Structure formats: structure tokens, C-alpha cells
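Written below as C-alpha cells is the structure these notes are about.
All values derive from a computational prediction rather than experimental measurement. Note that these values count all heavy atoms, side chains included, but never hydrogens, waters or copies made by symmetry.
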Amino acid sequence: MGETDTRSEPQIRERGQYVVGPSGTGKTHVALGLGLAACQKGMTVSFTTAAALVNELMEARDERRLLRVQKQMANAKLLIIDELGFVPLSKIGAELLFELISQRYERGATLITSNLPFDEWTETFGTERLTGALLDRLTHHVNILEMNGESYRLAQSQARKDTKTS
């Protein structure tokens with residue numbers, strides 16, 4: 001019988017993950033791979049983009065079902081938030097996302113992908129105070145994966161273009 005590689009399991013369960021890098025360098029691919037590994041270990045995983053999550057939280061707030069949505073998100077063993085920083089958040093959206101991440105702090109793993117380094121997060125969250133409090137929670141137990149290199153999508157597009165002109 002084959003052996004199961006469990007090296008990533010404790011890190012997924014106990015720590016957050018932050019995957020940062022330019023567009024097209026594989027951040028979402030890595031996040032999906034870790035999410036799949038967590039599912040294979042029997043963990044509950046929720047995957048969403050930051051924009052979709054904030055929209056869902058704002059709609060839930062407006063429809064008076066915010067507590068239910070927050071509880072659902074807080075109960076996932078791994079919450080993957082993709083593309084944080086691509087779109088600035090409204091004040092209310094940033095506060096709702098902060099509240100959710102605070103609820104998950106030391107209770108469940110949160111994996112975030114972003115094209116922004118931490119020092120540029122104020123642009124997304126609007127205030128230094130909120131950004132500082134959020135980063136304090138996120139960076140306490142975190143593995144940072146920095147993706148470097150050129151965009152895979154751009155390279156593939158260029159290769160297709162070169163093939164057509166040959």
C-alpha cells in the first residue's frame with residue numbers, strides 16, 4: 001500500500017498561508033492545490049475571491065443573514081481568499097472582511113493570494129489602523145510563499161503568437 005504524504009497537513013490546519021506575486025505566476029494554482037490536498041485529508045474547504053466574499057458579506061448584512069454567513073465561513077477548516085488587492089474594498093466591505101478574518105484567527109487556516117506586498121495593503125483596506133490590525137492577525141502564524149517570475153499566461157500567449165507567425 002502506498003504512503004500518504006502528510007507534511008502539508010499540519011501547516012494547513014495550524015497556520016495561515018499567504019501567496020504573493022505578480023499576475024500569472026501560479027498563486028491561484030498553488031492555492032487550489034493546497035485546497036485539494038486539504039479536501040483529500042477530509043478538511044472542509046471554502047474557496048472564493050476577495051471581491052466575491054466581500055459582496056456576499058455585504059449582501060448578507062443587508063438581508064440580515066450576516067451571522068449565518070459568518071458562521072459558515074468561520075467553520076471551514078481552510079478558507080481560501082483569492083485575489084486580495086486586485087480591487088480596493090469599500091469601508092464597510094473592508095470592515096466585514098476584517099471581522100471574518102478576526103473570527104477565524106487561531107480557529108481555522110486562512111490562505112490568501114495577492115499581487116500586493118503587505119506594505120501596500122492600506123490601498124485595499126483604506127486605513128492604516130484596520131490594515132495594521134488585520135496584518136497583525138494574519139502574520140502571527142503564517143507561511144509566506146513568494147511567487148517570482150514572468151506570467152505563465154503571457155508566456156503561453158507569446159508562444160502561441162510565435163507559432164502562428166512561424
Side-chain angles (χ1 to χ4, degrees), residues 4-57 69-70 72-91 93-156:
T4 302
D5 183 0
T6 59
R7 289 176 290 179
S8 64
E9 183 180 4
Q11 292 178 355
I12 291 172
R13 247 190 298 168
E14 299 165 5
R15 296 187 176 267
Q17 311 289 326
Y18 178 66
V19 185
V20 63
S23 292
T25 55
K27 297 178 300 296
T28 300
H29 188 78
V30 167
L32 289 170
L34 289 171
L36 178 60
C39 286
Q40 291 171 337
K41 302 290 185 195
M43 297 171 64
T44 55
V45 177
S46 182
F47 178 95
T48 184
T49 64
L53 177 58
V54 168
N55 285 337
E56 182 177 358
L57 292 170
V69 170
Q70 286 174 325
Q72 177 186 3
M73 292 291 179
N75 285 338
K77 294 291 183 187
L78 174 60
L79 174 61
I80 301 172
I81 304 172
D82 195 30
E83 299 180 343
L84 184 67
F86 282 79
V87 179
L89 304 174
S90 68
K91 181 180 186 307
E95 290 169 355
L96 289 170
L97 184 57
F98 170 80
E99 189 175 332
L100 177 64
I101 289 172
S102 292
Q103 290 169 350
R104 294 185 53 76
Y105 176 62
E106 294 192 334
R107 292 188 193 119
T110 302
L111 188 157
I112 296 176
T113 70
S114 179
N115 62 342
L116 295 178
F118 291 134
D119 62 354
E120 294 181 25
W121 278 30
T122 304
E123 297 170 21
T124 299
F125 287 96
T127 68
E128 288 184 25
R129 191 169 137 203
L130 182 65
T131 304
L134 180 65
L135 287 174
D136 182 61
R137 285 159 179 79
L138 286 175
T139 59
H140 185 217
H141 302 294
V142 70
N143 294 315
I144 299 174
L145 305 170
E146 188 170 350
M147 309 297 284
N148 294 309
E150 298 296 317
S151 167
Y152 292 111
R153 288 185 292 267
L154 187 59
Q156 287 177 341

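Listed by chain and number, the residues in a side-chain contact (heavy atoms from CB on, under 4.5 Å) with Leu116 are Ser114, Glu120, Trp121, Thr124 (sequence neighbours excluded). For the salt bridge (Lys or Arg N to Asp or Glu O under 4.0 Å) test, residues two or more places apart in sequence or in another chain that qualify with Glu95 are Lys91. Contacts of Tyr105 classified as side-chain contact (heavy atoms from CB on, under 4.5 Å), with partners at least two apart in sequence or in another chain: Arg137, His140. Every side-chain contact (heavy atoms from CB on, under 4.5 Å) that Glu83 has, sequence neighbours left out, goes to Thr49, Phe86. With sequence neighbours left out, Gln72 forms a side-chain contact (heavy atoms from CB on, under 4.5 Å) with no residue at all.
Within the 4.5 Å cutoff, the side chain of Asn75 has no heavy atoms near those of the Thr44 side chain. Residues Leu96 and Leu100 fail the side-chain proximity criterion, which asks for heavy atoms closer than 4.5 Å. In this structure the side chain of Lys77 never reaches within 4.5 angstrom of the side chain of Lys41, judged on heavy atoms. Contact check for Phe125 versus Leu135: no side-chain heavy atoms found under the 4.5 Å cut-off.
In this structure, the separation between CD on Glu99 and CG on Leu57 is 8.5 Å, given to the nearest 0.5 Å. We find the CG-CD1 distance between Leu111 and Ile80 to be 5.5 Å, quoted to the nearest 0.5 Å.
Put simply, the side chain of Thr110 never gets that close to the backbone of Leu79: no donor and acceptor are under 3.5 Å apart.
Taking all atoms of both residues into account, the shortest heavy-atom contact from Val69 to Glu56 is CG1-OE2, 3.9 Å. Contact record, Ile81 with Leu97: CD1-CD1, 4.1 Å, taken as the closest heavy-atom pair. Nearest heavy atom pair, residue Leu53 against residue Thr48, reads N-OG1, 3.5 Å.
Atom CD of Glu106 is surrounded by more than 12 heavy atoms from other residues, nucleotides or ligands within 6.0 Å. Residue Glu150 places its CD atom among 12 or fewer non-hydrogen atoms of other residues, nucleotides or ligands, all under 6.0 Å distant.
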Please output the side-chain donor-acceptor pairs of residues 26-39 that fall under 3.5 Å, not counting sequence neighbours, one pair per line with the distance.
from, atom 1, to, atom 2, distance (Å)
Lys27, NZ, Gly21, O, 3.0
Lys27, NZ, Pro22, O, 2.8
Thr28, OG1, Asp82, OD1, 2.9
Thr28, OG1, Asp82, OD2, 2.9

